[in-house]
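Structure first, then comments.
Chain naming here is simple, since letters A, B, ... match the order of the sequence lines and numbering starts at 1 in each. These values consider heavy atoms only, across backbone and side chains, with no hydrogens, waters or symmetry-generated copies.
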There are 2 protein chains.
Amino acid sequence: MKNKRIKGTVECENCRFFALCAPISICDKDYEPVVDALHRYKKVARGEKVCRQSRSIRSIYTVCKGVFKATVTDPHGDERVVGFYLPGSSIGLESLDSANSSVDVEALGPALVCEMSVARLNELRKQFPMLQINLSRLLMQELRHYQDVVIALLGSRSAEEGLAAFLVYVSTRMRDAGFSADHFDLPITYADIANFLGLTRETITRLMTKMKKQNVVTYRGRKLGIIDRKALTALATPATEDANAEIATV
Amino acid sequence: MKNKRIKGTVECENCRFFALCAPISICDKDYEPVVDALHRYKKVARGEKVCRQSRSIRSIYTVCKGVFKATVTDPHGDERVVGFYLPGSSIGLESLDSANSSVDVEALGPALVCEMSVARLNELRKQFPMLQINLSRLLMQELRHYQDVVIALLGSRSAEEGLAAFLVYVSTRMRDAGFSADHFDLPITYADIANFLGLTRETITRLMTKMKKQNVVTYRGRKLGIIDRKALTALATPATEDANAEIATV
DNA sequence: CGTCGGATTGAAGGCTTTCAAGCAGGGTGG
DNA sequence: CCACCCTGCTTGAAAGCCTTCAATCCGACG
């Protein structure tokens with residue numbers, strides 16, 4: 001594994017694939033074949049799809065740089081955004097057992113990924129127990145991640161709560177990927193955020209404007225800044241208004 | 001593994017743990033130790049919790065009979081329902097890597113589970129490659145299941161869409177567990193459904209009443225019947241002129 | 001038979017959407 | 001350099017959906 005890291009990308013230590021790639025660097029000899037299975041820093045153009053709904057996938061990916069969105073197309077032909085892949089996320093793990101992809105995954109801007117062949121990985125993990133064990137660990141992490149998404153974003157009572165929870169969630173993911181938790185690129189359109197959260201562009205605009213006026217966040221040129229994290233997390237949980245009164249009455 | 005199946009429970013073939021339990025019956029000799037790790041048909045009383053928020057878990061479970069809910073308690077002390085475990089579901093897989101549970105998991109009524117010791121499983125899967133591989137497969141299925149939840153339930157534009165999607169989702173899970181997809185027990189209170197979906201009891205009541213009047217579903221004594229599946233799935237996707245007209249004509 | 005948790009129904013108010021119009025800013029070609 | 005365009009963002013007003021609050025009903029269970 002050559003050290004050819006590119007500026008602005010995720011450190012390998014913060015990458016979800018590290019558990020799969022690590023054996024290579026630790027023990028180059030034994031794991032030489034793994035190198036063949038891995039295509040590092042592959043470029044993906046804006047709008048390009050790395051996997052498609054109802055198709056089997058040939059490779060799984062990890063996002064080094066950029067953001068992807070997962071979408072499904074409903075019977076009416078409308079696109080529904082069902083998830084985002086931020087730097088450090090892995091794509092396609094749920095299809096490793098040769099099932100078809102449930103979603104389209106598309107780059108929202110120029111992106112870099114590390115690509116791993118599903119066929120090669122499936123061969124290799126039979127040969128190398130450590131790879132198999134690390135894959136299991138990766139799957140558990142991914143499972144936990146999905147659970148976190150559901151906990152954070154499903155069942156929000158108001159639009160403001162949903163959006164705040166979304167921003168907190170993105171911030172957490174960016175921190176986990178080794179970036180600043182308070183200032184980062186958010187190359188996602190309001191339309192996509194709204195679609196994902198079940199809201200409208202206009203509502204996102206109004207709420208962001210409100211949050212900016214209240215000095216909770218800044219947002220210019222696709223760059224998000226979290227000014228008042230405490231306030232943002234407060235917005236992300238219900239019954240914030242009553243919190244003070246509640247304490248007073250107790 | 002004695003064949004002591006109990007009426008109304010999930011068939012082993014439809015259980016998520018089958019990939020772990022199967023080796024036992026296939027090859028009793030080699031996998032004898034696994035039997036110790038497994039406690040079949042353990043009773044869980046209504047309100048009893050099989051895992052708790054911020055605590056490590058000792059066992060993972062699969063639901064043979066009954067329904068569980070997963071909840072988190074927010075800073076204000078309010079309970080938020082973040083998921084349901086229907087028959088055939090597995091509980092706790094995301095905490096296998098000795099991480100703490102993110103949620104409380106509580107039985108909504110008298111239930112039966114198969115319990116597997118985490119410590120024993122972690123020992124055994126190092127010894128038995130087949131167990132390790134099957135565990136990976138189980139994790140992938142679980143991952144896909146979480147993805148399905150997000151796709152089905154996150155980002156619904158209206159309350160009706162959300163509830164219809166929820167019912168379709170439950171129906172699908174019941175079918176997968178080997179029960180009827182159109183008539184099944186739904187021992188979940190409106191309050192819990194509402195909490196999960198980010199709605200209110202009253203809204204669930206009104207929507208269910210409406211759906212009953214339109215002969216889409218029946219619901220009495222905690223038993224749900226799906227009368228018009230086509231209409232229900234239509235309600236579960238964003239409203240269009242066609243969909244509305246279709247329902248209106250009933 | 002009374003109690004209690006859960007479900008139902010109505011009225012009023014608020015939040016979000018819908019519809020419509022205008023703005024901003026980056027890229028392109030002249 | 002500027003006009004132009006296109007995408008995405010902003011803002012306002014009206015309509016509609018969902019919540020809130022409050023009262024009542026129902027059924028299970030001791």
Side-chain angles (χ1 to χ4, degrees), chain A residues 45-47 67 69 78-79 81 106 108-110 155-166 185-213 217-224 235 238-242 245, chain B residues 45-47 67 69 78-81 106-110 155-166 185-213 217-224 235 238-241 243-244 247-248:
Chain A
R46 175 195 161 106
V67 176
K69 70 173 173 182
D78 295 330
E79 177 185 283
V81 177
E106 173 187 339
L108 293 178
S156 45
R157 307 206 152 280
S158 69
E160 186 166 49
E161 190 187 322
L163 178 58
F166 175 74
D185 266 22
L186 188 68
I188 310 179
T189 64
Y190 282 6
D192 279 338
I193 296 175
N195 189 326
F196 178 56
L197 296 175
L199 304 169
T200 61
R201 275 162 301 167
E202 294 92 329
T203 299
I204 303 293
T205 291
R206 284 186 250 264
L207 292 175
M208 287 296 285
T209 304
K210 190 176 162 193
M211 287 187 193
K212 282 192 279 189
K213 273 185 188 156
V217 300
T218 59
Y219 183 67
R220 264 189 64 81
R222 294 288 155 81
K223 296 208 185 305
L224 185 80
L235 289 175
T240 47
E241 318 298 333
D242 301 330
Chain B
R46 175 196 159 105
V67 177
K69 69 173 174 183
D78 295 331
E79 177 186 282
R80 283 193 43 219
V81 177
E106 175 188 338
L108 294 178
S156 43
R157 308 207 153 277
S158 71
E160 187 166 50
E161 189 188 323
L163 178 58
F166 175 74
D185 266 22
L186 187 67
I188 309 179
T189 65
Y190 282 4
D192 280 337
I193 297 175
N195 189 325
F196 179 56
L197 296 175
L199 304 168
T200 61
R201 276 161 301 167
E202 294 92 328
T203 300
I204 304 294
T205 291
R206 283 186 250 266
L207 292 175
M208 287 297 286
T209 303
K210 190 176 161 195
M211 287 187 194
K212 281 190 281 189
K213 274 186 189 155
V217 299
T218 59
Y219 183 68
R220 262 188 65 82
R222 292 291 155 80
K223 297 209 185 302
L224 185 79
L235 288 175
T240 63
E241 274 53 329
N244 287 332
I247 305 302

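- Rounded to whole Å, the distance from OH on B/Tyr219 to C1' on C/dG6 is 10 Å.
- B/Arg220 places its CZ atom 13 Å from the P atom of C/dA7, with the value rounded to the nearest Å.
- Checking side-chain atoms of B/Arg157 against main-chain N and O of A/Leu199 turns up a donor-acceptor pair under 3.5 Å.
- A/Lys223 has its NZ atom 12 Å from the P atom of C/dG26, to the nearest Å.
- Contacts between residues 199-209 of chain A and DNA chain D, defined by a heavy-atom separation under 4.0 Å, are made by A/Glu202, A/Thr205, A/Arg206, A/Thr209.
- Among the atoms of the strands shown, none is found under 4.0 Å from any heavy atom of B/Gly162.
- Shown here for B/Lys212 and B/Tyr219, the closest heavy-atom pair between the two residues is NZ-O, 3.7 Å.
- Counting to the nearest Å, the P atom of D/dT19 and the CG atom of B/Leu163 are 11 Å from each other.
- Here the side chain of A/Asn195 pairs a donor or acceptor atom with the backbone of A/Glu79 at under 3.5 angstrom.
- B/Ile188 places a side-chain heavy atom less than 4.5 Å from the side chain of B/Phe166.
- Side chain of B/Arg80 to backbone of B/Phe196: no donor-acceptor contact under 3.5 angstrom is found.
- When side chains are defined from C-beta on, B/Leu186 does not count as touching B/Arg222, because their heavy atoms never get closer than 4.5 Å.
- Among the heavy atoms of the strands, none lies under 4.0 Å from A/Lys210.
- Atom CG of A/Leu108 sits about 8.0 Å away from atom CZ of A/Arg46, to the nearest 0.5 Å.
- Remark on DNA chain D: of its neighbouring residues A/Arg157 and A/Arg222, the 5'-side contact belongs to A/Arg222, judged by nearest-heavy-atom nucleotide.
- Protein atom CZ of A/Arg46 is 14 Å distant from nucleotide atom P of C/dG26, rounded to whole Å.
- C/dG6 atom P lies 13 Å from atom CG of B/Asn195, rounded to whole Å.
- One atom, CG of A/Leu186, and another, C1' of D/dG8, lie 14 Å apart when rounded to the nearest Å.
- Rounded to a whole Å, the CD atom of A/Glu160 is 16 Å from the P atom of C/dG14.
- Distances from the side chain of B/Tyr190 to the nucleotides C/dG25, C/dA7, C/dT16 place C/dA7 closest.
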